[in-house]
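Each chain gets a letter, A, B and so on, in the order the sequences are listed, and its residues count up from 1.
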Amino acid sequence: MADDILHEIMEQRLEKLRELSAQGRNPFEITRYDRTHLAAEIVERYGELEGKTVKVAGRIISRRGQGKVTFCHVEDRSGRLQLFFRFDDLGEEAYGQLKLMDIGDIVGAEGHMFTTRTGEISVHVARFTILAKSLRPLPEKWHGLKDVELRYRQRYVDLIVNPEVRETFVMRSRMVSAIRTLLDGKQFLEVETPMMQAVPGGAAARPFITHHNALDIDLYLRIAPELYLKRLIVGGFERVYEINRNFRNEGISTKHNPEFTMIEVYEAYANLEDMMRLCEEIFVAAALQARGTLQVPYQGATIDLTPPWKRMSLFEALEHYGQVDTSKLLDFASAKRLCQGMGVHVDERATLSTLINNLFEEFVEEHLVQPTFITDFPTAISPLAKRRSDNPEFTERFEVFVSGRELANAFSELNDPIDQRQRFEDQLRDKAAGDEEAHPMDEDYVRALEYGMPPTGGLGIGIDRLVMLLTDSASIRDVILFPQLKPEKGEVIEDEEA
RNA sequence: GCGCCUGUAGCUCAGCUGGUAGAGCAACGGACUUUUAAUCCGUAGGUCUAGGGUUCGAAUCCCUACGGGCGCACCA
């Protein structure tokens, strides 16, 4: 806050800034600096650069002064490099400038390449310029920034001082890029569909509500792009995908952030089998990009992503791991009795879906460490999936579990408009019975299906969870740059309208 | 929403059954012309998250609030 009393350290640094300005060297007036090399390039190509002059720029992250000679490390996006300053070379005035430079400052330096006595590749600085003054002290170099609250709130500091954090987000970006490359190569089209929707569909979740003033209507932040992407299949795109945020107004945990990133892929003339192969391919592409191997360490275990992955139906899994009598799981009343009989928690708001989910979490999930397709979900909990032709009580659907966690969900898409309308109506009955997350009716979506949608396979993968897996991160907050936290004091905007 | 843990200097942490706050790093001053967690000497730095209470006396014990972590519930 501007009215806070400035701390002593900041006051000292402001004084240095004033001194620089007085010398006509106000760093904040500088607009560019021409680098010749990045730090990592220099180290890599030292053989040809030795003795040559280079210009580098970055943040000063350490300093070892030794009287008439000073060593610093400067860090740019590629890595770090040592700078060597010597009184005899720089002269009194330039060497004296070092007094005005602090750890954290952004500096440009020019000089020839050499190796110090201890063998470190360094720039023998002939000229340097402070390009931006850092007024706040950085956390300590040795222990870094550990306070998780500060790490999430001030991610910029976390990124400066904790290199593995930077590495995680670089890997995230490269994984997403690898997925795009894979899909683009298969002639999928990346599209963008509405974030603000009048009917929040495509998943079972509570939405965020927002308001459009000019139209004077409430809109919902999307909980999934699914129904719009399938409209595009109707429209003839045949292969589409979207990588973007979904918003769900639910609890926050190590596995849940209110906004999270999903990829959804739809392919016409493809079915569940095709989605299984595509899912495996996407995981493989991301893993090879991020780790260069399909044997990935996760929280002490080793996950083998080599296809083909294990397959097991939902009910097989319940019978196998929990000795659950799955014949009782086709309607709510008997499922409820079964759960009560087995001592499994039955919430007041429980639905058939949540009961099956509870049983699954209780008995099965923890066992699914290696990647596994769980298939054949009941139709009652899969309102957008096509029925199995051999048993209409079940759908052609799978979810992927790795390390006890759901990472993907896919089905052969329901393209029969008559059945789809019926399923929505069933959902409306659930809603009337108190299921807040029952899928709403979407008349326009049914209308789209009435024009005819080819048989289509669809796949959704939670990108954040995939990144967690491939970066060995325990919390979703470690793979989201700015995870949702309660606002800091003074950060809440007071409602000034009315 | 519930339970457990947690909040001390810019950062990382000590501070025992209550006696009014300490280290390392960072900072500031000094020495040091190839260091790398540089070293050595010196200096400064705190409404102990906030507000109540108990007490002669509270960072410490109690209550409340706020923030954060983990687990549960909800969900992906």
Check: With a 4.0 Å cut-off on heavy atoms, is A/Asn357 in touch with a base, just the backbone sugar-phosphate, or nothing at all?
Finding: nothing
Checklist line | Which nucleotide in B/A76, B/G69, B/C28 has an atom nearest any side-chain atom of A/Phe260 | finding: B/A76
Checklist line | Selected nucleotide, minimal atom distance to A/Ile9 side chain, candidates B/G10, B/U12, B/U34 | finding: B/G10
Next item on the list: Counting heavy atoms from C-beta on, name the nucleotide in B/A37, B/A27, B/U33 closest to the side chain of A/Lys68.
Entry: B/U33
Item checked: Of residues 458-471 of chain A, the positions that come close to RNA chain B - non-hydrogen atoms, cut-off under 4.0 Å -> A/Arg465
Check: Where the side chain of A/Ile103 is concerned, which of B/A76, B/A26, B/U12 is the nearest nucleotide?
Finding: B/A26
Notebook entry, point to check: In dot-bracket, 5' to 3', how would RNA chain B read with Watson-Crick or G-U wobble pairs under 3.5 Å, [ ] for crossing ones and | for pairs to another strand?
Noted result: (((((((..((((.....[..)))).(((((.......))))).....(((((..]....))))))))))))....
Notebook entry, point to check: Under the criteria of a ring-centre distance below 5.5 Å and an interplanar angle below 30°, is A/Phe71 stacked with the base of B/A38?
Noted result: no
Check: If you round to the nearest 0.5 Å, how far is CG of A/Leu14 from CD of A/Glu19?
Finding: 13.5 Å
Note to self: Using the side-chain heavy atoms of A/Arg248, tell me which of these nucleotides is nearest: B/A76, B/C74, B/C70.
What the structure shows: B/A76
Next item on the list: Report which part of the nucleic acid A/Leu485 touches: base, sugar-phosphate, or nothing (heavy-atom distance under 4.0 Å, all strands).
Entry: sugar-phosphate
Note to self: Need one value for A/Thr115: base, sugar-phosphate or nothing, where a base atom within 4.0 Å counts as base even if backbone is also close, heavy atoms only.
What the structure shows: nothing
Item checked: Closest listed nucleotide, where the reference is the side chain of A/Phe114 and the choices are B/C70, B/A26, B/U34 -> B/U34
Check: Is there a donor and acceptor pair closer than 3.5 Å between the side chain of A/Gln66 and the base of B/U34?
Finding: no
Next item on the list: State whether A/Asp426 and A/Arg423 are salt-bridged, where the test is any N-O pair (Lys NZ or Arg NE/NH1/NH2 against Asp/Glu carboxylate O) under 4.0 Å.
Entry: no
Next item on the list: Could you please name the option among B/A27, B/G68, B/U12 that lies closest to any side-chain atom of A/Lys16?
Entry: B/A27
Next item on the list: Answer with base, sugar-phosphate or nothing: what part of the nucleic acid does A/Tyr95 contact at a heavy-atom distance below 4.0 Å?
Entry: nothing
Checklist line | From CD1 (A/Ile480) to CZ (A/Phe482), nearest 0.5 Å | finding: 12.0 Å
Item checked: Side chain of A/Lys486 - closest among B/U35, B/G68, B/A26 -> B/G68
Next item on the list: Kindly say whether the aromatic ring centers of A/Phe315 and A/Phe394 come within a distance under 6.0 Å.
Entry: yes
Checklist line | 5' precedence on RNA chain B between A/Glu362 and A/Lys255 (nearest-nucleotide basis) | finding: A/Glu362
Notebook entry, point to check: Is the distance between the ring centroids of A/Phe84 and A/Phe114 less than 6.0 Å?
Noted result: yes
Notebook entry, point to check: Does the side chain of A/Asn249 pick up a donor-acceptor pair with the side chain of A/Tyr220 at under 3.5 Å?
Noted result: no
Notebook entry, point to check: Hey, are A/Asp76 and A/Arg59 close enough for a salt bridge, meaning a charged N less than 4.0 Å from a carboxylate O?
Noted result: no
Margin query: Categorize A/Asp89 for me: base, sugar-phosphate, or nothing, with a 4.0 angstrom heavy-atom threshold over every strand shown.
Written below: nothing
Margin query: Between A/Arg222 and A/Thr193, do the side chains contain a donor N or O and an acceptor N or O under 3.5 Å apart?
Written below: yes
Note to self: For A/Asp102, is there any backbone N or O sitting under 3.5 Å from a side-chain donor or acceptor partner on A/Arg13?
What the structure shows: no
Notebook entry, point to check: What nucleotide, of B/G67, B/G69, B/C74, holds the atom closest to the side chain of A/Glu149?
Noted result: B/G67
Check: So what does A/Glu361 touch, heavy atoms closer than 4.0 Å: a base, only the sugar-phosphate, or nothing?
Finding: base
Item checked: B/U34 base / A/Arg117 side chain donor-acceptor hit below 3.5 Å -> no
Next item on the list: Taking only the side-chain heavy atoms of A/Arg153 (C-beta and beyond), determine which of B/G67, B/G10, B/A27 contains the nearest atom.
Entry: B/G67
Note to self: Please evaluate residues A/Phe85 and A/Phe71 with respect to the criterion ring-ring contact (aromatic ring centres under 6.0 Å, His included), reporting the C-alpha separation (whole Å), side-chain torsions for both, the decisive distance (0.1 Å), and the verdict.
What the structure shows: CA-CA 6 Å; A/Phe85 303 81; A/Phe71 300 87; 9.2 Å; no
Check: Contact class for A/Ala203 (heavy atom, under 4.0 Å): base, sugar-phosphate, or nothing?
Finding: nothing
Next item on the list: Look at the side chain of A/Glu140 against the base of B/G24 and say whether a donor-acceptor pair falls under 3.5 Å; ignore hydrogens and angles.
Entry: yes
Check: A/Arg151 near the nucleic acid: base, sugar-phosphate alone, or nothing, with a heavy-atom cut-off under 4.0 Å?
Finding: nothing
Next item on the list: Mind checking A/Leu138 for me? I need base, sugar-phosphate or nothing, with any heavy atom below 4.0 Å counting as a touch.
Entry: nothing
Next item on the list: Describe the nucleic acid contact of A/Glu120 in one word from base, sugar-phosphate, nothing, applying a heavy-atom distance below 4.0 Å.
Entry: base
Notebook entry, point to check: Any ion pair linking A/Arg397 and A/Glu399 (charged N to carboxylate O, less than 4.0 Å)?
Noted result: yes
